[in-house]
Visitor: 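The structure follows.
Start at 1 and go down the list; that is how both ligands and their atoms are numbered.
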Amino acid sequence: MTSASAAGPFDLVIRGGRVVDPESRRDEVCDLAVTNGRIAAIGAVMGEAAREIDARGLVVAPGFVDLHAHGQTVAADRMQAFDGVTTTLELEAGVLPVALWYENQAKNGRVLNYGTAANWAFARIAAMIGVEPEADLGFMGRHSNDKRWIDNVATDAEMGEILRRLRQGLDEGGIGIGILNAYAPGAGVKEMSSVCSLAADYAVPTYTHVAYASNIDPKSSIEAYTRLVGYAGSTGAHMHICHFNSTSLQDVERAAALIRKAQELGLKITVEAYPYGTGSTVLGATFFADPGFTERTGGPYESIEMVDTGRTFHNRDELLAAQAQDPGSLVLWHFLDVEANPRHRDLLDVSVLYPGGAIASDAMPWTNPDGSVYDGEDWPLPEGTSSHPRSSGTFTRFLRQYVRERAMLPLIDGLAKCTLIPAEILAESTPAMRAKGRLAVGADADIVVFDYDTLTDRAEFKAMNRASAGMRHVIVNGEAVITDGDLVRAARPGRPVRRPVKAA
Ligand SMILES: [Zn+2]
């Protein structure tokens, strides 16, 4: 399916690579030309080029689109670039105020394309405890000791204020509504259904961390998914389920069957997952404090591990004391033991391989040894900075384990879960995404060139800040951020992904 070549000169020609594009189903050795940040030709390219990449023996694919990335710094971008990511979006949480956040990113400069949703939890904090949101994720942790926004049902007045702030976030170009329901599980169904109706009115998705993660009723994962299906059906909102792997626990097969049925009935529900059995969050997360934590999750208190000290817990009292002292501290939560337990491996596979589901990292911010967010630009990252291996290795791990080693799906379908599928989840609401996640003439020149035979994640829980290996060239809007496997330190080609801003 080689197409006729366009005439040069081009800014860049990538020659002789195995070009794999999930949208057109192209999988052939050919050339690809770039001009003015866009793909100008694919096929046998004859024209002159200012720069050429010899891609013989390498795969050329669309840059990966990450729907779920909390890092949102130059350091986080660079680690994700080595994982093949070219667009990194903060959708599950989001921020407020949205306009200020985009201003800050543009001012600082970003390596990857970036974007955010409007943050429902921030709107709740503002409406229910009366503090103004600050446009970074740490805002939530800083107010997690005030339980009113976490546990209480909103009054009518508070609900009005929550919706007003979310509407403002969408009018400022936010790409949907991030619903961290598990972090404010006290919110009522009337409020959630109003938030979902707002999303439906704006024709934007919501991105939900469902209210409960539990194997048993009441407040089971199944209850939470059933509510989410209800919001989709009763409001018409597009409900996107975040990290299907970590909120389903042992019930993922039943959860997948329910979501599949809802999709067959025509409801707009989409799914993402990351290929790890260990999650990461803040110590103050309320589900850890649940008196039935061990029974509900199927795991012991030892499954909760502090990122900075490696400390684990032995009982609820220890955990509650630590929560009161240090609620914003990052912790790992080993919810499925995929290395030791084949049954847990099967459960993880159901979420990662869910048909039509995206791979999304849930990449966490990089933190200093004292727990503060690392916002410097040293490379490699300083000794002792930590996060979660998924912040550096989600996509390369997925391609290595599921596609190459275990051969559970063909490369083109594995790449679809990293590129076209996440782009399509956003395409209806966010026009900018229609030019991403694909290799087509006119599409954005967000391109990865990698060595499929050696591609691998390298980050581990005891060595998180090891970048993945195998990405030879990573191009963002036509500009190289990785060349011959090395970081281009000065590169800041990232652009905002944003919905049209409504004039005030
Ligand atoms: Zn989450």
Visitor: Can you confirm whether more than 12 heavy atoms, excluding those of Glu302, are under 6.0 Å from its CD atom?
Guide: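 Yes - once you tally the heavy atoms of other residues, nucleotides and ligands closer than 6.0 Å, there are more than 12.
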
Visitor: Establish, yes or no, whether the cationic atom of Arg390 lies under 6.0 Å from the six-membered ring centre of Tyr276 and within 45° of the ring axis.
Guide: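 The answer is no, since Arg390 fails at least one limit relative to Tyr276.
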
Visitor: Sequence neighbours left out, what pairs pass ring-ring contact (aromatic ring centres under 6.0 Å, His included) with at least one residue falling in residues 188-222?
Guide: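 Sorted pair list: Tyr183-His209, Tyr207-His240, His209-His243.
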
Visitor: Going by atom types alone, do Asn465 and Thr385 pair a side-chain donor with an acceptor below 3.5 Å?
Guide: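 On atom types as modelled, these side chains qualify, holding a pair under 3.5 Å.
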
Visitor: Of the options Phe293, Phe288, Trp333, which is the one that meets Tyr301 in a ring pair (Phe, Tyr, Trp, His ring centres under 6.0 Å)?
Guide: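 Considering Phe293, Phe288, Trp333, a ring pair (Phe, Tyr, Trp, His ring centres under 6.0 Å) with Tyr301 is found only for Phe293.
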
Visitor: Does the Lys NZ or Arg CZ of Arg406 fall within the cation-pi geometry relative to Tyr402 - under 6.0 Å from the ring centre and within 45° of the axis?
Guide: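 Cation-pi check for Arg406 and Tyr402: passes.
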
Visitor: So what's near the Zn ion (ligand 1), protein N, O or S atoms under 2.8 Å?
Guide: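 Listed by chain and number: Glu92 OE2, His209 ND1, His243 NE2.
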
